[in-house]
Amino acid sequence: MKPASRAFKTNARKALANEPLQRALGGIKHGFVANRAKARAALPEFDRLRDEARAVKEHTLAHLDLYLEEYEAKVIEAGGQVHWAPSADDARETILKICRNAGARTVTKGKSMVGEEIAINAHLEAAGIKAVETDLGEYLIQIRGEPPSHIIAPAIHLTMDQVEADFRNIHKDLPPERILDEPGQLVAEARAVLRDGFLAADVGITGANLLIAETGSSVIVTNEGNGDLTQCLPRVHIVIASIEKAVPTLEDANTILRVLARSATGQECSTYTTYSTGPKRPGDPDGPEEFHVVLLDNGRTEMLGGEFHDMLRCIRCGACMNHCPVYGAVGGHAYGWVYPGPMGAVLTPSLIGIDEAGHLPNASTFCGRCEAVCPMRIPLPKLMRHWRMREYEEGNTPAGYKLGLKLWAFAARRPKLYHALTGLGAPLLARFGKRRGRFRSLPLAGGWTRHRDLPAPQGKTFQQLWRAREKTP
Amino acid sequence: MNGAQKRQSVLEGIRAALGAGGADETRKKTVRKRLKSPRANLVPERARKGRAARLELFTGMLEGQGAKVSHASGLGDVPEIVAAYLRGNNLSAEFRTGSDEMLAAIPWDKTPSLTRHRGRGQAGDGVTMSRASTAAAETGTLFLTSGEDNPTTLNFLPDTHMIVIRAGDILGSYEDAWNALRKTFGARALPRTVNLISGPSRTADINQTIVMGAHGPRRLHVIVVG
């Protein structure tokens, strides 16, 4: 998809005024956030598991070439094929070729963020192959022609009324008088409609949460079971995975799985975790006849060992966005591409360039909640800061912003001057704001006061108060 | 670039980024060792319980995830439990299984109301039954392995899925369960598909409200034997 990240500011403004979106986003706190806290409390070892999961990934990344070779050898041994894709283009071409060789007319898809990254649906559709998303959330956004707004809950921005309207609009052959006012009725309708899709598909495409070098298995994690119907019914199964999904052993996969679902939805574990190793074997009454893995690089090797290396540990749980005040206010679409929230603010510029995505690392208050909840302990604020510095160095920062930063830096490097200025400012503002105790508007601070009042200072600066406190015995 | 060149380009990119030469023996040795003798990382305390506590944890976890768990003292009790469950949920008394030996050894003819079909899952299947190879009590997770005995399609196509497992096959941790499968399938080898199942199919994609039966089974009935 064409990135709209340049328009982040406009997108965000629109999102803040979008009433249904705000209603939908309001549910995150009581859902994902509360559930993660509960799951963490129920497993005393949780934080130590995070350290171990981090160590597993770091070890893997330090030996990534070797583990990928081992993984590849095991897939081939099991009768599967591995295709290496340096770029998104390579991956798209490879997948299209496999589909064409299979004479595919319809393809079902399990949820895959890498699939979104390479925009595989549009590519297949352009070649006359119908691609049907089967994860319910992905299906909801596919019929609307929208990108996902969350990496694990792609349709989290939609309210039930919107889904009902879409279903009435799309499922035209169903009786118009049917009742669709509960989530259960909508789910049942989608189940019935998509079941035909599963049975008709020639090729099934899934992503992978993990690639296990020990056994040559790819792992998918779902709650719906759609990924399994996608891969066990059609004649051909294609796994599309980025190279950093590798882990050494089944034990290492266990460690990551123990933190994944708990961080994502707050479940003890997802309903279905599926390990796939090659195609149908002699005697198997079901399963695909062909098994392909497409290994995507698309900029990852450039991150390896560099400033943004830590981001390669990401397991796409979505905890960072669930806990992000900026994401919670504007939702995922404002970010303008595939990966939203703090992880997107770091990853998107790596994948599509800082000139496209320069706003995203700035869309953070650096409150640090993302890093605090990240199961892989990725220092997201630090990585966003790296991007801000790079953007500044490349001269993409607007002139007014630069001037402001320079003035602030000038004062901040001279503590005496800084204290003199703040010492002047604080009592002045305190005098003007005395009556109300807050400002409704203030020159140069319109960006703040347009949305909320600014509390008036009480007359002394923090430093002055601190010194006074130090003096009191 | 052809396929081999693409492969080479990705691998060389990784090696260049890591500052590693292809012939680096220390790295290769580290990798070989880790794969040859996989070592457990931290295993949660709750996965290291005795038999009784383990069964209780297994049952509690599965029920918490929306499954129904029944206990049979022997294979002979299974048909009555199945018949009662199907009746209680107003379901047809027909179901399908693969060629699993343990399921075949159940005295189905004792309960003539039940009809057992055989084979892989079919589009119209209402009820199916599989046998789990092993399970991990830590999250109430059943391990099902693909093959003629327990075809994968039986796990996902029906409205109601029943899974039978011997109490002795219920272990504590994921590590225990994988080691059990390694004993059956050998080192560095797995069957085509291993399904870890921890409840009925669900989704929360509409209204962030949990609904059972998204694409897979709406109901999961686990029968523990022994």
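Just so it is clear: chains get the letters A, B, ... in the order the sequence lines come, proteins before strands, and each one is counted from 1. For the numbers below, each heavy atom of this structure counts, side chains included, while hydrogens, waters and symmetry mates do not.
- Residue Glu175(B) touches chain A through both its backbone and its side chain, counting heavy-atom pairs closer than 4.5 Å.
- A salt bridge does not link Lys28(B) to Glu69(A): none of the charged side-chain nitrogens sits closer than 4.0 Å to a carboxylate oxygen.
- Residue contact with chain A, scored on non-hydrogen atoms closer than 4.5 Å, is absent for Leu142(B).
- With ring centers used as reference points, His150(A) lies under 6.0 Å from Phe32(A).
- Between Arg46(B) and Glu268(A) there is a salt bridge, since at least one side-chain N of the basic residue sits less than 4.0 Å from a carboxylate O of the acidic one.
- Contact annotation for Ile243(A): only side-chain heavy atoms (C-beta onward) come within less than 4.5 Å of a heavy atom of chain B.
- Only the side chain of Val211(B) comes within contact range of chain A, with at least one heavy atom under 4.5 Å from a heavy atom of that chain.
- Checking each of Arg116(B), Gln122(B), Arg118(B) against Arg96(B) for a side chain to side chain contact (heavy atoms under 4.5 Å, CB included) leaves exactly one that passes, namely Gln122(B).
- Per-residue heavy-atom pair counts under 4.5 Å with chain A were compared for Gly13(B), Gly98(B), Ser146(B), Pro38(B), and the maximum is reached by Pro38(B).
- Contact tally against chain B (heavy-atom pairs below 4.5 Å) for Ala213(A), Ser217(A), Ala153(A), Gly305(A): the top residue is Ala213(A).
- Comparing Pro200(B), Ala189(B), Gly3(B) by how many heavy-atom pairs each has under 4.5 Å with chain A, the most go to Pro200(B).
- When each of Asn254(A), Leu136(A), Leu61(A), Val187(A) is scored by its heavy-atom pairs under 4.5 Å with chain B, the top score falls to Asn254(A).
- With a threshold of 4.5 angstrom between heavy atoms, Ala62(A) approaches chain B through N, CA, C or O but not through any side-chain atom.
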**Message:** For Asp297(A) and Arg300(A): C-alpha separation, side-chain torsions, deciding distance, then whether salt bridge (Lys or Arg N to Asp or Glu O under 4.0 Å) applies.
**Reply:** CA-CA 5 Å; Asp297(A) 181 343; Arg300(A) 268 100 179 154; over 6 Å; no
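- Heavy atoms closer than 4.5 Å to chain A are found in the side chain of Arg182(B), but not in its backbone.
- Interatomic distance, Asp100(B) CG to Asn150(B) CG, rounded to the nearest 0.5 Å: 4.5 Å.
- Of the atoms belonging to Leu199(A), it is side-chain heavy atoms, and not backbone ones, that fall under 4.5 Å from chain B.
- Contacts between Ser9(B) and chain A at a heavy-atom distance below 4.5 Å involve the side chain alone, from C-beta outward.
- Judged by distance alone, the side chains of Glu94(B) and Ser92(B) never bring a donor and an acceptor atom under 3.5 Å apart.
- Glu148(B) touches chain A through backbone and side chain together, each having a heavy atom under 4.5 Å away.
- When the candidates Thr209(B), Thr193(B), Thr153(B) are compared by the number of heavy-atom contacts under 4.5 Å with chain A, Thr153(B) comes out ahead.
- Against chain A, the residues from residues 128-141 of chain B that qualify, each with a non-hydrogen atom under 4.5 angstrom away, are Glu138(B), Thr139(B), Thr141(B) in number order.
- Between Arg192(B) and Asp286(A) a salt bridge is recorded (basic side-chain N to carboxylate O distance below 4.0 Å).
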